[in-house]
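Quantities reported herein were computed from a predicted structural model and do not represent experimental measurements.
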Amino acid sequence: MVQFFRTLQRKFGISAPRVAVRAHVAWYWRWLGYVSLGALVVGVGWGTYDFGMEFAGFRQSEAARTRAKLEEEIRQRDADNAELRSQVTAVERQMQIERATYGDLARQVKVLTNENAALREDLAFFQSLMTVSGKEGALSVNRFRVQPETLPGEYRYRLLLVQTGERMKEFQGKLQFVLNLQQGDRKFVLTLPADGAKDANEYQVNFKFFQRVEGTFKVAPDAVVKSLQLRVFENGSVAPKLTQSVSVS
């Protein structure tokens with residue numbers, strides 16, 4: 001009996017061990033709490049990481065979107081630039097065509113103007129020639145001009161050979177030019193065409209009423225033609241049938 005009281009005293013007395021009273025919690029509530037706590041920890045960790053990435057400027061999703069947007073803008077601008085370059089090229093090509101067309105028209109107008117002036121001059125000349133009576137088969141030189149060209153030492157000549165009379169025969173012969181040249185302090189004479197020259201055929205003439213003659217000749221680039229004498233030879237004759245001189249400006 002004594003032993004029984006001693007046992008009760010040890011359990012419920014002053015020396016008895018402390019006892020904690022807790023409310024009973026079901027196991028599924030405990031697991032739900034654990035899961036909620038884990039989710040909270042993960043959320044806090046992810047938020048901290050995301051904030052750190054954003055603060056440092058390394059947020060991949062935002063950088064990817066920004067990069068894609070910039071690449072799209074670059075592609076659009078490249079396409080706009082290509083279209084503008086195409087338009088500029090088309091406009092430049094059109095301007096070149098218009099300039100070429102305008103240049104061709106200007107040249108044609110200039111040529112036609114010169115031809116018209118020449119025809120008027122020819123008409124006036126032949127009208128005056130018809131009123132002049134001369135020796136049968138008389139030969140004359142009209143509108144004899146010699147002018148320097150763009151290239152140094154190159155000259156162009158123009159002349160009109162006319163034969164007058166009622167019963168004219170065909171004139172066949174050749175032209176010869178005697179040039180008075182000055183090259184520095186030296187003065188000398190040059191005859192064209194030279195003997196055996198390859199271009200001698202260019203100086204041949206063959207006409208009945210008139211023949212317009214035009215051509216070029218070359219001298220040394222530093223030589224200057226001061227004057228020129230034209231000689232007209234008839235085939236079979238060693239003496240010129242006609243001579244005429246002209247000064248060169």
Side-chain angles (χ1 to χ4, degrees), residues 1-120 147-156 214-223:
M1 194 61 154
V2 175
Q3 186 66 30
F4 176 73
F5 284 109
R6 287 179 179 176
T7 302
L8 291 176
Q9 188 178 4
R10 284 197 299 270
K11 289 183 178 182
F12 299 103
I14 297 174
S15 60
R18 290 189 174 189
V19 177
V21 179
R22 296 185 180 90
H24 178 71
V25 179
W27 64 269
Y28 48 85
W29 289 113
R30 286 199 301 269
W31 278 106
L32 181 60
Y34 295 152
V35 171
S36 300
L37 180 61
L40 179 62
V41 172
V42 171
V44 172
W46 177 257
T48 304
Y49 172 77
D50 189 66
F51 176 77
M53 292 294 291
E54 183 177 2
F55 181 77
F58 294 111
R59 178 177 287 181
Q60 295 182 357
S61 59
E62 187 65 25
R65 285 193 296 271
T66 304
R67 178 180 177 181
K69 182 179 179 181
L70 292 175
E71 289 178 350
E72 180 63 25
E73 291 180 355
I74 291 173
R75 284 193 295 269
Q76 184 64 35
R77 291 182 180 180
D78 289 340
D80 294 341
N81 290 335
E83 184 177 358
L84 290 176
R85 284 194 295 268
S86 178
Q87 294 177 0
V88 170
T89 302
V91 171
E92 290 179 348
R93 187 180 300 112
Q94 183 65 27
M95 291 179 62
Q96 291 175 357
I97 294 174
E98 291 179 356
R99 283 196 296 265
T101 303
Y102 176 77
D104 292 340
L105 291 175
R107 284 190 294 270
Q108 292 177 8
V109 169
K110 184 178 180 180
V111 170
L112 292 175
T113 302
N114 294 335
E115 290 180 353
N116 188 34
L119 290 175
R120 288 178 179 273
Q147 296 175 336
E149 289 288 277
T150 304
L151 295 178
E154 185 175 3
Y155 291 81
R156 178 172 295 276
E214 181 177 353
T216 59
F217 61 84
K218 293 183 179 180
V219 297
D222 58 342

Got a list of side-chain donor-acceptor pairs under 3.5 Å for residues 74-83, not counting sequence neighbours?
residue: R75; atom: NH2; partner: E72; partner atom: OE1; Å: 2.7
residue: Q76; atom: NE2; partner: D80; partner atom: OD1; Å: 3.3
residue: N81; atom: ND2; partner: R77; partner atom: O; Å: 3.2

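- Expressed to the nearest 0.5 Å, how far CD1 of I97 lies from CZ of R93 amounts to 7.5 Å.
- In this structure, CD in Q147 is found 11.5 Å from OH in Y155, a value given to the nearest 0.5 Å.
- Between Q108 atom CD and E115 atom CD the span is 10.5 Å, to the nearest 0.5 Å.
- Rounding to the nearest 0.5 Å places CZ of R107 at 4.5 Å from CG of D104.
- The structure places CG of N116 at 5.0 Å from CZ of R120, a figure rounded to the nearest 0.5 Å.
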- side-chain contact (heavy atoms from CB on, under 4.5 Å) evaluation trace for T101 with E98: CA-CA 5 Å; T101 303; E98 291 179 356; 5.6 Å; no
